[in-house]
Colleague: 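Take this structure, written in structure tokens, and hold onto it; I'll ask about it next.
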Amino acid sequence: MRHRAIPCMLATAMALSLVAACGSAGSRPGSDTRGSARQSALAAPARRAYDPPAAFDGTRGIALPSAALGKVTITGNVRRPIPVALDSTTAYVAATDSLQAVDLTTGKVTGTLGPRNPAARPSSTLYDGNPADAPLIATVDGKTDAVAAFLEKVPGQGTTAGHLSVELAAMDTGTRQAAWSLLLDVPDGALDPYSTSPSATLLGVHGGTAVVEITDGSHGTAVAVDLRTQKPLWQKEAFLPMALTGSQVVGVALKDASGIEQNVSALDIADGHQVWSLPKDTYGTTIDAAGPTMIMVSARDYESGASSAQLLDAATGHSALDLGGGLAGSRCWYDDRSVIVCATDSATVAVNATDGHPLWSLPDDTHHRVAPKVSAAWHGQVYGTTENGPVILDARTGADRPGSPTIAPLLVNGYVGLALGDKQFELLAYPTTG
């Protein structure tokens, strides 16, 4: 399963340069927020963007809704990405039953969208938090929507049995109003009927087509949806998609009923046909989208049990770099420019995003340097912490950037960095200052 399930990358920073228009707090889906959005845009001072930011104001944190914490289970670098997508000074926060737009200059909720068919979902504890994954910011034909995936239980009626359904719901990022929704039925037998934690995840969008993963952790289905027409294009059962890189949907074909024996393979996003598959079966597989052409595959050989971590070319499945068993289970970040950074609790490796050529690695005992606990990478910088506090590294050289950034953001763009606050179970948005 991918890192987001056990945990993965992600989240892919899909930050856009759209200036967020702020509606009135608490506006309901479908209400007209355009007038108040224009007034707020005129009244609010322009927020300066820093690309990339090297410092944050640690005294001016804006609290996000509690759902933004996601499943806060943190052990070094192994962390489930937060269910948040950034779009300029707006955060879109997904939960199992809502999508909220939050103005990061004020902390006000400027739009809320819920599923058309609200239904019971598995309860979560304070420690497990919100099990939703990040929404998708998708621009198709010049129109930008924030899209969330809601897993719903449709009650039985008459001779129709109850069943699971996935609803894709879109919010217009300009008006904060509901844009469209689409119901996708989960095929009978696709998931374990006794599972208490099924989920639906939007992996990304390519050429106007989005890919949805529906899984219970061991079994699953991939569904491709045309965002232009809001219609499903194809679905692949007994396949867990874990990454969308270019036109390749990369995941694992499930070889047995238990879902333990897996084969890493790729499907073409256009029609779902298999493009390639690896010769050896695996288990315990995690896959990260790692840059525009690469994927990170961490797994154990099904026959020998040997651990491995490899960067593969997503188009062919060919190995670009063998990272060894020591980096198995690592998480990867793409800096949205030219560098992929993969890290565990004790090691960090940076490679060129186009060909997997190694750039630098830590720790470096010769120069008395330790590996940071990486939290994010963006536009040529790697953010993280050491025992000396928050740090920023040059993504291409690994050199420390001067000064302290004050925080180690989990998600970052030119305007804000999102990081855990001093209080337990608190996620704050800190403005960039340099």
Colleague: With a 3.5 Å distance limit and no angle check, can you tell me whether Thr144 reaches the backbone of Thr139 through a side-chain donor-acceptor pair?
Modeller: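 Answer holds: no.
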
Colleague: Regarding Ser277 and Ser265, do their side chains bring together a donor and an acceptor under 3.5 Å, going by distance alone?
Modeller: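 Checked: Ser277/Ser265 side chains show no N/O donor-acceptor pair below 3.5 Å.
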
Colleague: Could you walk me through whether Ile287 and Met296 pass side-chain contact (heavy atoms from CB on, under 4.5 Å), step by step?
Modeller: CA-CA 5 Å; Ile287 300 174; Met296 166 70 163; over 6 Å; no

Colleague: Look up atom CG in Leu227 and atom CG in Leu182, then write down how far apart they are to the nearest 0.5 Å.
Modeller: 9.5 Å

Colleague: What is the distance from atom CD of Glu261 to atom OG1 of Thr282, rounded to the nearest 0.5 Å?
Modeller: 9.0 Å

Colleague: Looking at His219 and Ala257, would you say the former's side chain and the latter's main chain have a donor-acceptor pair under 3.5 Å?
Modeller: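 Answer holds: yes.
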
Colleague: Looking at residues at least two apart in the chain, or sitting in another chain, which of them share a side-chain contact (heavy atoms from CB on, under 4.5 Å) with Lys280?
Modeller: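 By the side-chain contact (heavy atoms from CB on, under 4.5 Å) rule, Lys280 matches Asp301.
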
Colleague: Report the C-alpha separation of Leu359 and Val339 in whole Å, then their side-chain angles, then the decisive distance to 0.1 Å, and conclude whether the side-chain contact (heavy atoms from CB on, under 4.5 Å) test is met.
Modeller: CA-CA 9 Å; Leu359 298 173; Val339 177; 3.9 Å; yes

Colleague: Hey, does Leu427 have a side-chain heavy atom less than 4.5 Å from the side chain of Leu410?
Modeller: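 Yes. Closest side-chain heavy atoms under 4.5 Å.
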
Colleague: Verify side-chain hydrogen bond (donor to acceptor under 3.5 Å, both in side chains) between Thr90 and Arg176, making sure each step is shown before the conclusion.
Modeller: CA-CA 11 Å; Thr90 299; Arg176 311 294 194 270; 3.2 Å; yes

Colleague: Counting N and O atoms only, with roles assigned by atom type, does the side chain of Thr344 sit under 3.5 Å from a partner on the main chain of Ala347, one being a donor and the other an acceptor?
Modeller: yes

Colleague: Locate the shortest heavy-atom distance separating Ala266 from Ala314; write the atom from each residue and the value.
Modeller: CB-O, 4.5 Å

Colleague: Compare all side-chain heavy atoms of Asp288 with those of Trp333 and state whether any distance is below 4.5 angstrom.
Modeller: no

Colleague: If we only count heavy atoms from C-beta on, is the Pro131 to Thr96 side-chain gap below 4.5 Å?
Modeller: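 In contact.
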
Colleague: Which residue pairs satisfy the salt bridge (charged side-chain N to carboxylate O under 4.0 Å, His left out) criterion with at least one member in residues 377-397, sequence neighbours excluded?
Modeller: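 The answer is Asp394-Arg401.
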
Colleague: Keeping the roles fixed (side chain from Asp133, backbone from Ala200), state whether a donor-acceptor pair exists under 3.5 Å.
Modeller: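 Side chain of Asp133 to backbone of Ala200: no pair is present.
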
Colleague: Salt-bridged, Lys236 to Asp268, with N to O below 4.0 Å?
Modeller: no

Colleague: CG/Leu244 to CD/Glu213 distance, rounded to the nearest 0.5 angstrom?
Modeller: 12.5 Å

Colleague: Less than 3.5 Å apart, any donor N or O on the side chain of Asp271 or His273 sitting next to an acceptor on the other?
Modeller: yes

Colleague: How long is the span from the CG atom in Leu420 to the OG atom in Ser375, to the nearest 0.5 Å?
Modeller: 9.5 Å

Colleague: Is there a donor-acceptor pair closer than 3.5 Å between any side-chain N or O of Asp355 and the backbone N or O of His357?
Modeller: yes

Colleague: Applying side-chain contact (heavy atoms from CB on, under 4.5 Å), run through Leu184 and Val225 and close with a yes or a no.
Modeller: CA-CA 10 Å; Leu184 303 170; Val225 175; 4.0 Å; yes

Colleague: Which heavy atom of Tyr283 sits nearest a heavy atom of Gly305, and at what distance?
Modeller: OH-CA, 3.7 Å

Colleague: To the nearest 0.5 Å, how far apart are CZ in Phe150 and CG in Asp97?
Modeller: 7.5 Å

Colleague: Under 3.5 Å, is there a donor on one side chain and an acceptor on the other for His379 and Asp51?
Modeller: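 Short answer, yes.
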
Colleague: Any side-chain heavy-atom pair from Pro292 and Thr245 closer than 4.5 angstrom?
Modeller: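 The answer is no, as the side chains (C-beta and beyond) never meet within the 4.5 Å cut-off.
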
Colleague: Please step through side-chain contact (heavy atoms from CB on, under 4.5 Å) for the pair Leu418 and Leu86, ending with a clear verdict.
Modeller: CA-CA 10 Å; Leu418 306 187; Leu86 292 180; 3.9 Å; yes

Colleague: For a 4.5 angstrom cut-off between non-hydrogen side-chain atoms, does Phe56 reach Pro431?
Modeller: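 A side-chain contact under 4.5 Å is absent here.
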
Colleague: Please confirm whether the backbone N or O of Gly414 pairs with a side-chain atom of Thr432, one donor and one acceptor, at under 3.5 Å?
Modeller: yes

Colleague: Among residues at least two apart in sequence or on other chains, which ones pass salt bridge (charged side-chain N to carboxylate O under 4.0 Å, His left out) with Asp335?
Modeller: none

Colleague: Where is the tightest heavy-atom contact between Ile62 and Gly107, given as atom of each residue plus distance?
Modeller: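 Heavy atoms of Ile62 and Gly107 come nearest at CG2-CA, 3.3 Å.
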
Colleague: If you measure from CG on Leu393 to CH2 on Trp360, what distance do you get to the nearest 0.5 Å?
Modeller: 5.0 Å

Colleague: So which atom in Tyr383 and which in Pro53 form the shortest heavy-atom distance, rounded to 0.1 Å?
Modeller: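 Answer, listing the atom of Tyr383 first, then Pro53: OH-O, 2.7 Å.
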
Colleague: Quick one: closest heavy-atom pair of Tyr92 and Ala101, and the distance?
Modeller: CE2-CB, 3.6 Å

Colleague: Quick one, Pro372 and Thr348 - any side-chain contact, counting heavy atoms below 4.5 Å?
Modeller: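 They are in side-chain contact.
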
Colleague: Report yes if some heavy atom in the side chain of Ser319 is under 4.5 Å from a heavy atom in the side chain of Leu321; otherwise report no.
Modeller: no

Colleague: Looking at Ile260, is its backbone amide N or carbonyl O close enough to the side chain of Asp256 to form a donor-acceptor pair, meaning the two atoms are under 3.5 Å apart?
Modeller: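 Checking the backbone N and O of Ile260 against the side chain of Asp256, a donor-acceptor pair under 3.5 Å is found.
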
Colleague: Does the Thr201 side chain pair with the main chain of Leu203, one donor and one acceptor, at a distance under 3.5 Å?
Modeller: no

Colleague: For Glu237 and Thr221, test the side chains for any donor-to-acceptor distance below 3.5 angstrom and give the result as yes or no.
Modeller: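 Glu237 vs Thr221: no donor-acceptor pair found between side chains.
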
Colleague: Considering residues at least two apart in sequence or located in another chain, which fulfil the salt bridge (charged side-chain N to carboxylate O under 4.0 Å, His left out) criterion with Asp141?
Modeller: Arg228

Colleague: With sequence neighbours left out, what residues match Leu183 under side-chain contact (heavy atoms from CB on, under 4.5 Å)?
Modeller: Arg116, Asn117, Glu152, Ser165, Glu167

Colleague: Any side-chain heavy atom of Val223 within less than 4.5 Å of one from Trp234?
Modeller: no

Colleague: Tell me, which pairs form a disulfide bond (SG atoms under 2.5 Å apart) where one or both residues lie in residues 340-421, sequence neighbours left out?
Modeller: Cys332-Cys342

Colleague: How far apart are the closest heavy atoms of Ala68 and Ile82, and which atoms are they?
Modeller: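 The answer is O-CB, 3.5 Å.
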
